[in-house]
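The model shown is predicted, which means the values in this text are computed figures rather than measured ones. What's counted below: heavy atoms across the whole structure, side chains too, no hydrogens, waters or symmetry copies. All ligand and atom numbering here is 1-based and tracks the order in the structure.
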Amino acid sequence: MIKGVRGAPDILPDEVGRWQALETMTRDILDRYGYAEIRTPLFERTELFVRGIGEGTDIVEKEMYTFQDRGGESLTLRPEATASLMRAYAEHRLAAKSSLVKLYLIGPMFRHERPQSGRFRQFHQVDVEAVGSPGPAVDVEILALLHHLLEAWGLPDTPLHLNSIGDRQCRPAYREALVAFLRERQEMLCADCHVRLEKNPLRVLDCKQPRCQEAARGAPTLTESLCGPCQEHFDAVRRLLDGLRIGYEVNPRLVRGLDYYTRTTFEFINPGLGAQNAVAGGGRYDGLVEELGGPPTPSIGFAVGEERILASLALREQGAVSAGATGVYVATVGEAVYAKALALTQDLRRRGLRAGVDLEQRSLKGQMRQANRDGYRFVVILGSDEIARGQAVVKDLATGEQVEVRLEGVGEYLRQVPEREMA
Ligand code: HAM
């Protein structure tokens, strides 16, 4: 039998409920903050990611699913969403609608990484971007939004790591100082970091190899070398976060794996997840749209790894994201009442309720088991005695409570149950 591809897991029917609950909750909160959904293609011209994410990055050098299509064009499955969103933003002139455009995208991303716990080749992100404003207020609203999302999902105390990696003004001098420092310790660096030292020295600070971390100990940090305007921006972000009582730790080693970042960068880390512990990451990218050939467009955003959120919740065995039992299952005793049961089920569905009925002539016990398995909250039991009296029994599987209700009144009765228990 042909198997699925390693690192590209199926999401099976009994797991889908948690994904849907996560995404429904997320869309609701994003809507409250004024974000509009956008959907871009799963593949783009390869050049978009090479220019956007940066040639020296691991993603572009080692991880992209790149292929030539039948017309000979080089295309790539999106490894992330920011470059695609900025392409769409510039191409469709979304700036004309508003000076600050708030967009989000939920969907799969593709990176050819070595699969391990929490690291997949097809994974899913909630990507959120606030496009067009340079001010620290936008940085703070974005962080407050992410903080709010984590709280709503049931992960309220996930630590926030914050940094500023400067801009085109202050980074070149810093880069020189860092390279000078690392050259003195070059023999300690791994093969990848030798290349990084030439192409992208900041990434050495982020290498997970113990020898490289040792070599980078005591290296100058960008946080100490920011130019005046970057320092002011960072101070303002920190002040506003303090005002909102959002806790954070300044982590000067947080450099992120994509080249487009400027100034504010951040990650939310769940240490319980092991090596792949970033549940969300992002930052400001004031030069990206220009890099892609568009107008200057200061922006900031983040992406959340949905697998890592669900894994974090599974570790806690709780959290707000669970697919609670909903809807109603119509169970029958005896064949004679079957036509009534079908009619009642159809009626309940028309009234907007999730409703199921036995299609396989199971025993009552078998039907009750099925109702539980399918995640129904209520069971309506129809027997010929009840029907003769024009009644039905409604059982709440969550509480075990059981009441008799007039047959014509079943839909109305169930409608009075709070919507969240039925929808
Ligand atoms: P990123 O840090 O590469 O940033 O990815 C964001 C999140 O996606 C990570 O924190 C992690 O939760 C999840 N993730 C990344 N790679 C994998 C993987 N192989 N398997 C499972 N989960 C993964 C970005 O993608 C930027 N586009 C974020 C951004 C948006 N910056 C500004 N706007």
| message | Heavy atoms only: which of Glu80, Gln125, Glu306 lies closest to atom 5 (O) of ligand 1? | response |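 When every heavy atom of Glu80, Gln125, Glu306 is considered, Gln125 comes closest to atom 5 (O) of ligand 1.
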Is the backbone of [Y] close enough, under 3.5 Å, to the side chain of [X] for a donor and an acceptor to pair up by distance?
X	Y	result
Glu290	Thr297	no
Arg175	Leu202	no
Arg316	Ser312	no
Thr46	Ser74	yes

Hey, does [X] sit under 4.0 Å from ligand 1 if you only count heavy atoms?
X	answer
Gly257	no
Arg111	yes
Gly118	yes
Arg256	yes
Tyr260	yes

Please could you name the atoms of ligand 1 that [X] approaches to less than 4.0 Å, counting only its heavy atoms?
X	result
Gly282	31 (N)
Glu129	30 (C), 32 (C), 33 (N)
Ala303	6 (C), 7 (C), 28 (C), 29 (C), 30 (C)
Ala280	10 (O)
Phe302	29 (C), 30 (C), 32 (C), 33 (N)

Distance-only donor-acceptor check, side chains [X] and [Y], under 3.5 Å:
X	Y	answer
Thr265	Arg256	no
Tyr260	Thr82	yes
Asp139	His233	yes

Distance to 0.1 Å, residue and atom name: give those for the protein heavy atom nearest to [atom].
atom	result
atom 19 (N) of ligand 1	Glu113 OE2, 2.7 Å
atom 12 (O) of ligand 1	Ala278 O, 2.9 Å
atom 13 (C) of ligand 1	Gly305 CA, 3.7 Å

For [X] and ligand 1, does the shortest N/O to N/O distance drop below 3.5 Å?
X	answer
Phe120	yes
Leu258	no
Arg119	no
Phe123	no

| Can you say whether the rings of His147 and Phe268 are parallel (under 30°), tilted (30 to 60°) or perpendicular (over 60°)? |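 Tilted.
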| said: Can you classify the ring geometry of Tyr65 versus Phe110 as parallel (below 30°), tilted (30 to 60°) or perpendicular (above 60°)? | reply: perpendicular
For [X], which part has a heavy atom under 4.0 Å from ligand 1: side chain, backbone, both, or neither?
X	result
Pro79	neither
Arg308	side chain
Val279	backbone
Glu267	neither
Tyr261	side chain

| request: State the CD-NZ distance between Glu401 and Lys395, to the nearest 0.5 angstrom. | output: 11.0 Å
| said: More than 12 heavy atoms of other residues, nucleotides or ligands under 6.0 Å from CD of Glu187: yes or no? | reply: yes
| Atom CD of Glu55: over 12 foreign heavy atoms under 6.0 Å |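 Not buried by this count: 12 neighbours or fewer within 6.0 Å.
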| query | Does the cation-pi check pass for Arg78 over Phe49, that is, NZ or CZ under 6.0 Å from the six-membered ring centre and within 45° of its axis? | reply |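 No, Arg78 and Phe49 do not form such a contact.
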| request: Begin from the C-alpha positions of Tyr285 and Glu291 and carry the test side-chain hydrogen bond (donor to acceptor under 3.5 Å, both in side chains) through to its verdict. | output: CA-CA 10 Å; Tyr285 50 93; Glu291 183 64 39; over 6 Å; no
